[in-house]
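Since the structure comes first, as structure tokens, the remarks are kept for the end.
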Amino acid sequence: MTPEAKIREGEQGVFQAGADRYCSYLSDVRGMSPNTVRGYREDYLSFLAWAQREGVSPLRLRHRELRGYLSELSRAGYSVRTVSRRLSALRGLYRWLLREGLCPTATVAAVANPKLSRCLPSTMSDGEVRTLLSTCEGEDPVQLRDRAFLELLYATGARIGEVAGLSLGDVDFSSSQVRLFGKGSKERIVPVYASALGSVGAYLEAGRPALSRDDRPTEALFLSTRGNPMSADALRTRFERRVAEAGLDPSLTPHAMRHTFATELLGGGADLRSVQELLGHESLATTQIYTHLSVERLKEAARRAHPRT
């Protein structure tokens, strides 16, 4: 191995160790969720693998080399959004490495993200939601659980991970509200309408006791048939199964319920700031996409109803 290759290998090791420390920082200090941190870590390992293949020193990265990496991602068929996310992940890491004195320059910070096309999120009609809910009208514990889960998604606009993190004490029946913990463990209170609370109450009265196990006590709200707290993946699987039973578009995800929640609020006259708070968005710009969606729905309604169209 040449002296230059040894130096490069050493720098790659420093980069990997720095990436590990940065991920710990994101988890312990920034309070990011395990799934988010895991995604960042995978991005860094993918970039490091590319650097090793191409003989690139990640600590002395040049613009031309970075452009080569981004081009390889594009050629591999990754979407513009994915390439942009990976670049953003690298930008955050390099800034941290520079601040910690592990990297002489943050070259990546000067590279602009690829321009994203503005696509509107998928939503569900009220009829589709009713059809989905109709798949769990029985009185057995699983039916009661799934009904309560779906009603809460629709009533609160919560992320699937936030619903998975709910504990028994997070549902306040006396005040008709739910406490959610969003990204960065930020807490917010969201009001819940009566029928959703009724479904949760029915589950707590007749469903959850049948699912719980004395030998594995837990405060988690939603339990599996084995009495274990349901993860976000487990709840997502239940959602997909209910969508299939309802005969709805199989591409629908739990996030479609969140998009529907936001769109219905704005369409009903709620102000943008209130919707931002209810969704737990850090930036108002993130919430503004729903204003575009509402306008598109109005246009579509006009096209269908206007006699001159």
Side-chain angles (χ1 to χ4, degrees), residues 32-40 42-43 77-86 116-136 142-143 145-166 178 180-183 188 190 192 196 199-200 220-222 224 229-267 275-276 278-283 286-294 296-297 300:
M32 289 188 175
S33 71
N35 284 340
T36 300
V37 175
R38 188 181 307 114
Y40 276 115
E42 290 173 356
D43 288 344
Y78 288 97
S79 67
V80 174
R81 186 172 299 276
T82 298
V83 174
S84 180
R85 178 183 59 78
R86 290 201 179 189
L116 292 172
S117 59
R118 194 156 182 99
C119 55
L120 299 178
S122 299
T123 61
M124 301 174 66
S125 68
D126 186 60
E128 288 175 325
V129 173
R130 291 178 183 276
T131 301
L132 184 63
L133 292 173
S134 70
T135 64
C136 39
V142 171
Q143 298 279 62
R145 181 200 64 199
D146 287 1
R147 176 90 185 195
F149 156 56
L150 293 175
E151 287 274 18
L152 273 184
L153 275 182
Y154 193 38
T156 65
R159 303 176 179 92
I160 190 69
E162 293 169 347
V163 175
L166 284 173
V178 170
L180 299 170
F181 292 90
K183 294 181 178 180
R188 69 183 188 279
V190 179
V192 184
S199 294
V200 176
L221 178 60
F222 292 109
S224 69
M230 296 185 72
S231 66
D233 286 340
L235 289 174
R236 189 176 292 106
T237 297
R238 294 304 307 171
F239 182 90
E240 292 170 353
R241 184 168 299 178
R242 292 299 179 181
V243 166
E245 290 178 14
L248 299 176
D249 184 348
S251 67
L252 287 172
T253 68
H255 225 62
M257 297 281 258
R258 178 172 167 84
H259 297 324
T260 303
F261 169 83
T263 307
E264 294 293 350
L265 287 180
L266 287 170
V275 177
Q276 177 192 4
L278 290 171
L279 291 174
H281 284 160
E282 186 172 338
S283 169
T286 308
T287 316
Q288 284 176 328
I289 190 172
Y290 296 108
T291 63
H292 296 288
L293 189 60
S294 297
E296 288 301 315
R297 291 181 64 177
E300 179 59 29

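Both backbone and side-chain heavy atoms feed into the values below; hydrogens, waters and symmetry mates do not.
Residue M257 holds its CE atom at 5.0 Å from CG of L150, rounded to the nearest 0.5 Å. Once rounded to the nearest 0.5 Å, the distance linking CZ of R147 with CG of L152 reads 12.0 Å. Atom CZ of F261 and atom CG of L153 lie 11.0 Å apart (nearest 0.5 Å). For the atom pair CZ (R258) and OG1 (T263), the distance works out to 11.5 Å, reported to the nearest 0.5 Å.
In this structure, V200 and A148 approach most closely via the heavy-atom pair CA-CB, 3.9 Å. What you find for L248 and E128 is that their closest heavy atoms are CD1-O, 3.6 Å. The two atoms that bring A196 and A155 nearest to each other are CB-CB, 3.8 Å, heavy atoms only. Contact between L132 and M124 at its shortest, heavy atoms only, is CD2-CE, 4.0 Å. Residue I160 comes nearest to A232 through the heavy atom pair CG1-O, 3.7 Å, listed as atom of the first residue, atom of the second, then distance. When all heavy atoms of F239 and T253 are compared, the closest pair comes out as CE2-C, 3.3 Å.
Checking side-chain atoms of R238 against main-chain N and O of F149 turns up no donor-acceptor pair under 3.5 Å. Looking at T36, its side chain never comes within 3.5 Å of a backbone N or O of M32 through a donor-acceptor pair. For the pair T135 (side chain) and E245 (backbone), a donor-acceptor distance under 3.5 Å is absent.
A salt bridge links D43 with R85: the closest approach of a Lys/Arg side-chain nitrogen to an acidic carboxylate oxygen falls below 4.0 angstrom. Ion pair R236/E240 not flagged as a salt bridge, since none of the NZ, NE, NH1 or NH2 atoms sits closer than 4.0 Å to an Asp/Glu carboxylate oxygen.
Contacts of Q143 classified as side chain to side chain contact (heavy atoms under 4.5 Å, CB included), with partners at least two apart in sequence or in another chain: C136, D140, R242. Among residues two or more places apart in sequence or in another chain, the side chain to side chain contact (heavy atoms under 4.5 Å, CB included) test is passed with A220 by T218, L223, P229. Remark: R38 engages P34, N35, E42 in a side chain to side chain contact (heavy atoms under 4.5 Å, CB included) (not counting sequence neighbours).
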Test D249 against S251 for side chain to side chain donor-acceptor pair (under 3.5 Å), laying out the working first. CA-CA 5 Å; D249 184 348; S251 67; 2.9 Å; yes

For R145 and F222, what are the C-alpha separation, side-chain angles and deciding distance, and is it a side chain to side chain contact (heavy atoms under 4.5 Å, CB included)? CA-CA 7 Å; R145 181 200 64 199; F222 292 109; 3.7 Å; yes

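A cation-pi arrangement is found for R86 relative to Y78, the charged atom lying closer than 6.0 Å to the ring centre and inside a 45° cone about the ring normal.
R188 pairs with exactly one of L180, T156, V178 by the side chain to side chain contact (heavy atoms under 4.5 Å, CB included) rule, that one being L180.
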